[in-house]
Number of protein chains: 2
Amino acid sequence: MPTARERVRAELTTEIADAARRQLAEVGAAALSLRAVAREVGMASSAVYRYFPSRDDLLTRLIIDGYDAIGAAVEAADDTAAPPEERWSAVCSAVRDWARAHPHEYALLYGSPVPGYVAPRDTVPAASRVGIVLGRILGDAARAGRLTGDGGGREPGLLGDAAVEVLGQGHPAVDDAVRVRALLAWSALFGTVSFELFGQLVGSVEDGDRYFALVTAELARLVGFRPA
Amino acid sequence: MPTARERVRAELTTEIADAARRQLAEVGAAALSLRAVAREVGMASSAVYRYFPSRDDLLTRLIIDGYDAIGAAVEAADDTAAPPEERWSAVCSAVRDWARAHPHEYALLYGSPVPGYVAPRDTVPAASRVGIVLGRILGDAARAGRLTGDGGGREPGLLGDAAVEVLGQGHPAVDDAVRVRALLAWSALFGTVSFELFGQLVGSVEDGDRYFALVTAELARLVGFRPA
DNA sequence: ACTCGAACGAGAGCACCGCTCTCGTCGAGA
DNA sequence: TCTCGACGAGAGCGGTGCTCTCGTTCGAGT
C-alpha cells in the first residue's frame, strides 16, 4: 500500500506529465520547455527535476503515453466480429484519425527521433500495441480462411522473432512472404499518414478522405484479405 | 557580371551553409546551433545574420540543398534504357542508400517538420525531383506497354493537377487508379525507409537488405510494372 | 514520542541559445 | 575625393537545460 507521500508524488508526476502533454500539443516536442511546464504547474523549474531527471525522461513519458493512446484507439476501433477487410480499414482509419487529432504527438512517435535521444526499452511494449492488433487481424483472417497465402515457408534470417510471433505465428496460411507484405502494409500506412500530416502530398492529393479509403483498400488487397 | 563584393558574399554564404550541413550531419537539425556554425567559420554570431536572416532561413537552405542532393542521386540512379521494374528498384535503392548515408538530412526532409517552421514555396521544385523521376518511369512504362492499367479514367476532385501532370499525363494506360497506386508506392517507399532509419522495425526485420529488396519488388507489382 | 535522515521546494547560478542593437571600419560607386 | 551602404564585432536581452545549495517538512524506526 502506497504511503501518503508516494501518492502525492505520483499525483504530481502525472500532473507534470499532463501539463507537458498540453504544451506538446501546442508547440511541439522540440519547443517543449521544462521551465514552461514548471510554470504551468506552479513550481520552480528545479523542483521538476525531483520527478523527471531530465527533459528527455519527460519526453519518454510522453512517448509511452502516446503509444498507449494510439494503441488504445486502434484496439477500440477493431471489432473482432467484423470481416478482416473491414477490420483492416477500420484500424487504418483509427490510426489516421488519431494522427490528425494529435499531430504533434504523432510526430513525436513516428517522426524523426529527437536528436541524441534513443528510445529506452520501456517504450517497446507500448509501441507494439498497434502492430499486435494488425497481427491479430491477420491471424484471425488466416484461421477463417480469408487470407490468400503463398503457402511458402520461412526465410531464415530475414525477419525477427517479434514479427513471426505477432504475425500469424505458425499458421500455414501465413508464411514469411505474407509477413513481409504485412510489414510493408504497416509501413505504407504510416508513410501515407505521415506524408499527409507533414504536407508532402500537398498539390498531389485534393480529397484526402477518398484517397485514404482507396489506399486502405489497396493495402488490404496487398496483404491478401479476400471477401467471404 | 557579379561584382567582387557579390562574389565574396556568395562564397561566404555557401561556406556558412557548408558548415551548417556538417553540423547537421553530426548533431541533427534541432541541435543545430547558429552560434556554433559561426564559430566554425570564424565569425561573430551576429555576423551570420547578414547572410541568413534567421536560423529557419539557414535550415531552409539546407532543406533545399538536401532535396536537390537526393533528387540528383535518384536521377543518377535511373538508367532510362533499362526495363521499368529495374528502374523502379534502382530508384528505390537510391533513396534508401542516400537516406542511410545522410540520416539527419533525410530526417530533416521527410521527418517531422521543425515546429513552427513552414516550408517556403522555394522548396517545392527541389522536393519534386524524386517524384518526377518516378513519374517518368511510369510514363515510359506505359508508352512501352509494360504497365498493367485498369483502363479506367479520371476521378475528378481526387488528385491534384501536380499529380496528374507528373504521373503519366494523358496516357490511356495511366488512369487515376494507377496514379493512386503510384502515390501509395511512393509513400510506402518512404515509410519503409523512415521505419528502418528511425528504428521502428528493430526486432521485426533482421536482414534489412533482403527485406528492402522484397519490398521494392512487391511495390513494383503494386504499381503494375510487368516484365516484357 | 522523539529523532534523524530522506524527500522536497525554492533560489541562485552556469553555459548555452536565437536574436537585436550599436558602433567602428572599409570599400565601391558617384 | 566624398559618401553611403555593406560588413564584422561586441554587448546585451530573454530564454533554455541543468546543477548546487539551502532551509523545511514529513515519515519511519527506535
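In the text below, chain A, chain B and the rest are named by the order of the sequence lines, each starting its count at 1.
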Engineer: Going by an N to O cut-off under 4.0 Å, is there a salt bridge joining A/Asp79 and A/Arg87?
Structural biologist: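 Salt bridge between A/Asp79 and A/Arg87, a charged N being under 4.0 Å from a carboxylate O: no.
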Engineer: Rounded off to whole Å, could you give me the CZ-to-P distance for the B/Arg7 and C/dA28 pair?
Structural biologist: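 In whole Å, C/dA28 P and B/Arg7 CZ are 11 Å from each other.
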Engineer: Is there a donor N/O on one and an acceptor N/O on the other, under 3.5 Å, for the side chain of B/Ser46 and the base of D/dG10?
Structural biologist: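 Per atom types, the contact qualifies.
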Engineer: Measure CG/B/Asp57 against P/C/dC19 and give the value in whole Å, please.
Structural biologist: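 Roughly 9 Å, once rounded to whole Å.
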Engineer: Do any side-chain nitrogens or oxygens of B/Arg9 fall under 4.0 Å of OP1 or OP2 in D/dC7?
Structural biologist: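 Yes, B/Arg9 has a side-chain N/O under 4.0 Å of OP1/OP2 on D/dC7.
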Engineer: Give the rounded distance in Å between these two atoms: CG of A/Leu12 and P of C/dA10.
Structural biologist: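 Answer to the nearest Å: 10 Å.
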Engineer: Between A/Arg21 and A/Asp65 (salt bridge meaning N to carboxylate O under 4.0 Å), is one present in this structure?
Structural biologist: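 Salt bridge flag = yes for A/Asp65 with A/Arg21.
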Engineer: If you only use heavy atoms from C-beta on, which nucleotide in D/dC18, C/dC23, C/dC17 is closest to the side chain of B/Arg50?
Structural biologist: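 Among D/dC18, C/dC23, C/dC17, the one nearest the side chain of B/Arg50 is C/dC23.
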Engineer: Which nucleotide, C/dC19, C/dC8, D/dT16, lies nearest any side-chain atom of A/Ala36?
Structural biologist: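 Looking only at side-chain atoms, A/Ala36 lies closest to D/dT16.
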Engineer: Take the protein atom CG of A/Asp56 and the nucleotide atom P of D/dT16, then report the distance between them rounded to whole Å.
Structural biologist: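 Those two atoms, CG and P, are 17 Å apart.
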Engineer: Calculate the interatomic distance between B/Glu15 atom CD and D/dG8 atom P; express it in whole Å.
Structural biologist: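 Spelled out: CD on B/Glu15 to P on D/dG8 is 11 Å.
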Engineer: In whole angstrom, what separates A/Met43's CE from C/dA10's P?
Structural biologist: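 Atom-to-atom, A/Met43 to C/dA10, this comes out as 7 Å.
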Engineer: With hydrogens left out and only the distance checked, is there a donor-acceptor pair under 3.5 Å joining B/Arg5's side chain and the base of C/dG27?
Structural biologist: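 Looking at the base of C/dG27, it does not pair with any donor or acceptor on the side chain of B/Arg5 (distance under 3.5 Å).
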Engineer: On DNA chain D, nearest-nucleotide positions of A/Pro53 versus B/Ala44: which is more 5'?
Structural biologist: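 Its nucleotide being nearer the 5' end, the pick is B/Ala44.
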Engineer: For A/Leu32, report the nucleic acid contact type (base, sugar-phosphate, nothing); a contact means any heavy atom under 4.0 Å.
Structural biologist: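 Answer is sugar-phosphate: A/Leu32 comes under 4.0 Å of backbone atoms only.
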Engineer: Does B/Tyr49 have a side-chain nitrogen or oxygen under 4.0 Å from the phosphate oxygens OP1 or OP2 of C/dC21?
Structural biologist: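 Checking B/Tyr49 against C/dC21: no side-chain N or O falls below 4.0 Å of OP1 or OP2.
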Engineer: Nearest to the side chain of B/Ser33, heavy atoms from C-beta on, is which of D/dG8, C/dC17, C/dG29?
Structural biologist: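 For the B/Ser33 side chain, the nearest candidate turns out to be C/dC17.
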Engineer: I'd like to know whether the aromatic ring centres of B/Phe198 and A/Phe190 sit less than 6.0 Å apart in this structure.
Structural biologist: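 B/Phe198 vs A/Phe190: aromatic centres not under 6.0 Å.
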Engineer: Indicate, with a heavy-atom threshold strictly under 4.0 Å, whether A/Phe52 touches base, sugar-phosphate, or nothing.
Structural biologist: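 Nothing, no heavy atom under 4.0 Å.
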Engineer: From OH of B/Tyr51 over to C1' of D/dC7, roughly how many Å is that when rounded to an integer?
Structural biologist: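 Distance, rounded to whole Å: 7 Å.
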Engineer: Check this for me, if you would: do B/Asp209 and B/Arg96 make a salt bridge, where the nitrogen-to-carboxylate-oxygen distance has to be below 4.0 angstrom?
Structural biologist: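 Looking at B/Arg96 together with B/Asp209, the answer is yes, because their closest N to O distance falls below 4.0 Å.
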Engineer: Rounded to the nearest Å, what distance is computed from the CD atom of residue A/Glu40 to the C1' atom of nucleotide D/dT16?
Structural biologist: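 In whole Å, D/dT16 C1' lies 17 Å from A/Glu40 CD.
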Engineer: Can you say whether a donor on the side chain of A/Arg35 sits under 3.5 Å from an acceptor on the base of D/dG15, or the other way round?
Structural biologist: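 No, the side chain and the base share no sub-3.5 Å donor-acceptor pair.
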Engineer: Ion pair present between B/Arg210 and A/Asp176, side-chain N to carboxylate O less than 4.0 angstrom?
Structural biologist: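 So B/Arg210 does not pair with A/Asp176 through a salt bridge.
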